[in-house]
Amino acid sequence: MEEKVQLTVEWLRQQVENAGVNGLIVGVSGGIDSAVVAGLIKKAFPDQSLGVIMPCSSNSKDKEDALRVVQSFELDYIEVNLTEPHKILLSSVDQKLKEKNAYRQEISQLNDGNLRARLRMSTLYAIAGHYRYLVVGTDNAAEVYTGYYTKYGDGGVDILPLSHLKKSEVFEWGRYLGVPVEVLERQPSAGLWENQTDESEMGTTYAMIDAFLDGEDIPEKDRAIIERLHKISEHKRHMPPSPPKF
């Protein structure tokens with residue numbers, strides 16, 4: 001574990017050197033993935049790393065756990081509350097859609113959640129530009145494979161240090177790094193809406209996805225869900241397509 005963490009820390013330093021920038025920034029949500037990344041960037045750049053806490057019509061516990069993370073790692077941080085900007089933009093878009101008779105109630109919740117993720121991404125880059133920091137993503141192997149992230153939201157980042165780690169491994173790294181127990185014990189959630197959880201939205205569990213990635217036999221129901229998620233999210237794992245040169 002120590003060797004893997006150290007190799008990742010060295011990789012982070014190399015990414016910063018290659019990009020010719022000053023350090024690293026991550027959005028700290030209060031969840032395990034961003035907590036592990038927070039610990040890693042603090043190790044890589046003790047004085048040139050930054051966490052950003054971005055409440056957006058969020059559960060108060062998210063902010064409490066995010067504060068626990070930055071305080072436990074002594075990570076410098078900024079808080080930007082996106083609740084009002086999110087409400088204003090969402091309301092404006094919905095109003096215009098209704099005027100065009102194009103508003104669809106059945107997808108309004110998903111649009112709401114994706115907008116929150118994209119506002120957070122925009123905020124991270126707005127801050128990163130002033131510091132000349134790379135934006136560090138928090139997606140793990142299960143999320144990358146299933147496409148469980150918002151395109152140009154939490155998927156809009158510069159580097160992904162956890163992309164080869166299964167969810168169970170992220171928890172192992174979290175325990176090793178000293179992530180607060182409250183974060184280790186909370187149910188994974190992208191914080192897209194009230195009471196949202198990753199596993200209820202995906203229809204399967206991280207344990208099943210980890211087992212699938214390890215090549216183990218899992219129930220056919222779960223296998224079908226995972227394979228479907230992978231197929232429909234293929235576009236997220238590639239640059240936007242271009243036509244051939246004519």
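Position 1 is the first residue of the sequence; numbering continues from there.
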Does a donor on one side chain sit under 3.5 Å from an acceptor on the other, for Tyr206 and Glu143? yes
Note, Gln71 side chain near Pro180 side chain (heavy atom, < 4.5 Å): no
Are side-chain N/O atoms of Ser34 and Ser29 paired as donor and acceptor at under 3.5 Å? yes
Sorted by chain and residue number, the salt bridge (charged side-chain N to carboxylate O under 4.0 Å, His left out) partners of Lys43 (sequence neighbours excluded) come out as none
Taking atom CD of Glu172 and atom CG of Leu184, what is their separation to the nearest 0.5 Å? 11.5 Å
To the nearest 0.5 Å, atom CG of Leu12 lies from atom CD1 of Ile159 at 5.0 Å
Could you pull out all residues at least two apart from Lys151 that satisfy salt bridge (charged side-chain N to carboxylate O under 4.0 Å, His left out)? none
Any heavy-atom pair between the side chains of Gln15 and Leu24 that's under 4.5 Å? no
Does either side chain, that of Tyr103 or that of Gln105, offer a donor lying less than 3.5 Å from an acceptor on the other one? yes
Taken to the nearest 0.5 Å, the spacing of Lys63 NZ from Cys56 SG works out to 13.5 Å
Euclidean distance, Gln48 CD relative to Arg132 CZ, rounded to 0.5 Å: 11.0 Å
Testing the 3.5 Å rule here: is there a donor-acceptor pair between the side chains of Tyr148 and Asp154? no
Presence of salt bridge, Glu99 and Lys96, under 4.0 angstrom: yes
Quick check: does any side chain N or O of Asn140 sit under 3.5 Å from a backbone N or O of Lys166, one acting as donor and the other as acceptor? no
Taking the side chain as everything from C-beta on, heavy atoms only, tell me whether Asp33 gets closer than 4.5 Å to Lys167. yes
Distance-only, no hydrogens or angles: does the Asn81 side chain make a donor-acceptor pair with backbone N or O of Thr83 under 3.5 Å? yes
Shortest non-hydrogen contact between Thr138 and Leu162, atoms and distance: O-CD1, 3.8 Å
Gap between atom CG of Asp76 and atom CD1 of Ile25 - 0.5 Å precision: 10.0 Å
Does the ring center of Phe212 lie less than 6.0 Å from the ring center of Tyr145? yes
Nearest 0.5 angstrom please: Leu75 CG to Lys42 NZ, how far? 6.5 Å
Taking the side chain as everything from C-beta on, heavy atoms only, tell me whether Arg186 gets closer than 4.5 Å to Asp62. yes
Below 4.0 angstrom, N of the basic side chain to O of the carboxylate: do Arg116 and Asp112 qualify? yes
Donor-acceptor check, side chain of Ser91 to backbone of Ile88, threshold 3.5 angstrom: yes or no? no
Are Val21 and Asp158 side-chain neighbours, meaning at least one heavy-atom pair lies under 4.5 Å? no
I want to check something: taking the side chain as every heavy atom from C-beta on, are Asn111 and Leu115 in contact at a cut-off of under 4.5 Å? no
Could you check whether Glu234 pairs with Lys231 (Lys NZ or Arg NE/NH1/NH2 to Asp/Glu carboxylate O, under 4.0 Å)? no
